[in-house]
Amino acid sequence: MVHMANQIATFFKSQPGDATEKVASHIGDFWEPRMRDQLRDYVNQGGAGLDRVVVEAAALVR
Amino acid sequence: MKDFIFPPMPDDRDMGTPVKEGKPVSLIIDGFEVTVPEGTSVMRAAAELGIQVPKLCATDSLEAFGSCRLCTVEIEGRRGTPASCTTPVTEGMVVSTQSEKVRRIRKGVMELYISDHPLDCLTCSANGDRELQDMAGAVGLRDVRYKAPEDGGFVNHFEARNTSGEANPEWLPKDDSNPYFTYDPSKCIVCNRCVRACEEVQGAFALTIEGRGFDSRVSVGTENFLASDCVSCGACVQACPTATLQEKSIIEMGTPDRSVVTTCAYCGVGCSFKAEMQGDTLVRMVPYKHGKANRGHSCVKGRFAWGYANHKERILNPMIRDSIDEPWREVGWEEAIGFAAAKMRGLQETYGRKSIGVITSSRCTNEETYLVQKLTRAVFGNNNTDTCARVCHSPTGYGLGQTFGTSAGTQDFDSVEHTDVVLVIGANPTDGHPVFASRLKKRLRAGAKLIVIDPRRIDLVKSAHVEAAHHLALRPGTNVAVVTALAHVIVTEGLIDEAFIRERCDWDEFQHFAAFVSDTRHSPEATALLTGVDPNEMRAAARLFARGGNGAIYYGLGVTEHSQGSTTVMSIANLAMLTGNVGRPGVGVNPLRGQNNVQGSCDMGSFPHELPGYRHVKNADVRQMFEAVWGTPIDPEPGLRIPNMLDAAVDGTFKGLYCQGEDILQSDPDTKHVAAGLAAMECVIVHDLFLNETANYAHVFLPGSTFLEKDGTFTNAERRINRVRKVMAPRNGYGDWEVTQLLANAMGAGWSYTHPSQIMDEIAATTPSFAGVDYALLEEKGSVQWPCNAAHPEGTPLMHVDGFVRGKGRFIVTEYVATDEKTGPRFPLLLTTGRILSQYNVGAQTRRTANTIWHEADLLEIHPHDAENRGLTDGDWVRLASRAGETTLKAKVTDRVSPGVVYTTFHHPDTQANVITTDYSDWATNCPEYKVTAVQVSSSNGPTDWQEDYAAQAERARRILPAAE
Ligand code: SF4
Ligand code: SF4
Ligand code: FES
């Protein structure tokens with residue numbers, strides 16, 4: 001999961017515009033709620049190894 | 001055969017010579033006036049009037065040859081009797097096809113042919129099926145005056161010995177080496193049709209005529225057909241007017257009595273065939289001339305490899321068991337469905353609504369796929385649906401959706417006839433999409449240029465009369481870097497099509513992209529170390545593509561199955577927009593999709609986040625549309641993808657799966673993880689023809705039906721919706737759509753479809769791009785390409801003609817990111833995977849046909865240099881290991897692969913190449929990274945423990961108890 005989330009962040013960081021927002025909406029559109037919960041839990045526990053953009057995005061994810 | 005064909009077809013006669021395009025020319029034939037395009041032959045013009053001039057060496061799939069002289073006619077004002085097949089029409093020409101003179105000539109010609117032909121018509125396998133016989137009748141030949149001289153000496157090719165027992169040196173034995181057809185030289189009339197078919201249609205150049213005059217013979221240049229370059233496409237058999245080249249099935253079973261047009265169920269080309277039947281037995285599949293994808297051509301799979309339908313391992317009765325340690329119990333349909341429904345509902349009661357899901361098939365029909373996703377959305381009440389397209393073309397959907405506004409490939413196959421430069425990336429069409437490859441090669445022989453980007457020297461790079469102008473043999477995993485470097489050259493050298501970009505694309509985004517790509521770190525020189533591609537070649541390729549005229553890009557799984565699959569698709573779209581190559585014939589971005597209905601399964605809403613027609617489940621208006629028709633609420637949250645289902649299963653929150661026509665255990669990456677996920681589920685329902693690998697972990701097995709046993713539609717790689725027609729009753733009792741309906745109804749759905757056409761009507765009612773599609777239209781047109789609706793009532797061969805679907809085309813910055821799958825001291829080589837012509841995907845069907853003669857086992861291709869370092873020689877057993885696992889297989893030493901790269905196929909379960917592949921995947925879509933795995937290769941003595949354990953488990957899991965009764 002960490003790997004997947006970071007891959008998404010890497011792509012959107014290379015794009016113009018606000019990467020955090022784009023990562024959050026990508027995750028909202030494509031990840032099942034269970035996976036989003038997992039991500040949020042993981043961030044709450046410290047989010048070791050996660051890209052900073054993902055950590056910020058996690059707060060925005062639906 | 002006197003054709004009784006369903007549906008009543010457009011004119012299926014052999015018109016003698018190919019259609020031409022040109023300005024109209026009028027002439028008079030036998031007193032009737034006819035107008036045809038300039039360049040048309042007199043023979044074809046006569047055929048247009050319904051006048052069939054006798055012929056032997058001409059057929060309308062091949063250019064005229066003019067060797068048999070049977071087709072002579074008289075033309076006013078011309079001397080002699082010209083051959084009508086090679087004589088083009090001229091304005092005001094007056095032709096007579098019947099006169100005393102030509103009748104005499106034709107009879108004489110025929111007599112000569114027949115004098116050297118065995119007169120065993122009644123017992124000949126071609127009886128009633130061959131032109132030679134028909135023509136003898138047509139010219140009124142009743143007896144043959146020529147006889148062998150009394151004093152011995154041979155003047156024929158068809159008698160092995162003369163009456164005194166002497167061997168005839170002119171006689172040659174039958175060649176039975178090909179599993180599907182025979183070559184019987186004694187019946188050959190040396191008309192050259194097979195040789196021309198092999199060249200013109202297939203492009204294999206396997207056949208030639210050897211010798212001259214009486215000695216001339218068809219030759220394969222080797223000891224027999226099997227050992228030759230023949231790819232067994234069947235074009236020669238199709239072309240032969242005699243029984244010389246003949247299907248073995250016809251020899252065994254005799255000629256068919258009716259035929260039905262249907263669609264091949266193997267690959268994404270979607271060839272149309274006539275299924276020729278005797279009662280309800282299939283005797284032959286013949287490519288259908290009016291099939292718009294294949295135009296009368298075929299490959300070995302669709303033409304010949306249909307025997308699996310009657311294979312003894314096919315399962316015809318439903319089976320159940322409580323645990324996978326038990327043997328299977330055969331039960332009736334009612335019991336099996338009841339058992340499955342109760343289990344699934346029970347799981348939902350215990351573990352929640354979202355604890356079960358489905359996997360739809362890219363092999364089943366659109367209608368069946370639609371029902372399976374409807375099952376999960378409307379009956380299970382969640383969006384847990386996914387399909388094997390996840391593992392192949394999901395990045396295409398995302399990448400093209402982002403740039404062009406639709407995931408659709410932009411062209412039809414006919415478009416290739418207008419292409420000047422073809423760019424093939426990560427695709428191996430001669431093996432993967434053979435009939436398209438033949439059409440492509442034909443265009444290349446006519447002068448189009450070819451650029452290949454592939455780590456392997458695929459056949460297309462150099463084969464008979466085709467040679468790539470540039471082959472960029474990149475290191476696996478560097479696609480984005482290479483395509484971006486091509487864009488760099490095009491932008492910095494000023495080769496862009498600015499008018500196109502200004503008119504059709506978002507100019508601001510273009511400028512942002514141009515600034516990004518112009519950076520010297522993207523230049524061929526700067527990236528050469530990374531990609532392994534010579535910068536000069538790269539620059540030359542970019543210039544050729546930008547300047548060479550109509551440029552078309554064809555790509556395959558070598559693009560999508562990477563951690564940057566979606567990014568590569570976007571970079572390809574960028575390249576097409578930069579050079580103005582979208583929106584007309586001969587150009588475009590063309591994903592070559594793998595399985596027959598990958599396109600369809602994606603269109604039909606197989607993905608967990610989108611409803612049919614690629615509309616996100618979060619959109620309330622789209623949900624409402626379906627809610628109105630289905631009468632149930634739809635979950636607005638995306639569901640689980642296949643890898644997520646497996647993860648959730650291991651975590652204990654996903655418990656039940658209905659898997660139709662897929663073998664995820666063999667086809668999905670990281671086999672051990674898949675096995676663990678399946679083993680953790682409490683109810684796995686496998687719906688398939690055979691006890692596939694996934695079924696080893698299943699609790700319910702529902703027998704499937706073949707494409708010959710049901711009605712429906714497949715959608716091919718050009719978005720073409722082709723009809724599949726039922727030619728025989730399902731041997732298992734039900735079409736797959738009926739089985740899904742039984743299961744849905746046992747869970748309370750209350751569906752009442754009685755024919756797949758009703759399902760298509762529901763699809764049309766809910767999906768705007770299918771709004772105009774119904775079976776009546778398909779019957780009338782043969783096929784249509786979606787979008788097909790009020791705006792495009794006859795379908796859409798070319799996309800984005802008047803502008804991009806999303807409005808302005810969008811350039812997207814494509815930064816190369818190295819995959820995390822890196823080589824290192826322990827795993828110094830890169831493994832990439834692919835497939836071959838005679839086998840198909842996991843091989844469940846093709847392994848059960850005589851096609852195994854061409855591919856008995858998966859082999860590991862390794863460069864001589866790497867082999868030598870490891871002390872390996874051709875044919876050695878080798879151990880192939882990655883971070884995920886290891887397996888063994890035999891090595892094939894070849895310089896088709898570059899040093900540092902190894903390659904294998906994944907058709908055989910014993911090899912389990914996916915034990916090796918890792919679970920890294922595309923960032924946007926989770927499409928697995930099949931094409932890059934760091935591995936080590938070393939010598940080995942035989943199968944690994946894992947392979948042996950696996951085989952033992954499979955053996956145990958496949959036991960079937962004899963039916964209790
Ligand atoms: S094998 Fe058939 S098609 Fe080929 S030259 Fe002989 S008769 Fe003609
Ligand atoms: S496998 Fe593909 S190319 Fe071959 S006959 Fe079938 S659809 Fe055509
Ligand atoms: S058919 Fe015209 S020469 Fe043979």
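Keep in mind that what you see is a predicted model, and the values were worked out from it rather than measured. Numbers restart at 1 for each chain; the letters A, B, ... are given by sequence-line order, proteins then strands.
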Heavy-atom contact with chain A under 4.5 Å, split by part of B/N384: side chain
Which atoms of B/D651 approach chain A - backbone, side chain, both or neither, heavy atom under 4.5 Å: side chain
Note, B/P638 side chain near A/M35 side chain (heavy atom, < 4.5 Å):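 With C-beta onward as the side chain, the pair stays apart.
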Test item: A/R34 side-chain N/O and B/L640 main-chain N/O as donor-acceptor pair under 3.5 Å: no
Straight-line distance of B/N644 CG to A/E32 CD, nearest 0.5 Å: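 Reported value, rounded in 0.5 Å steps: 7.5 Å.
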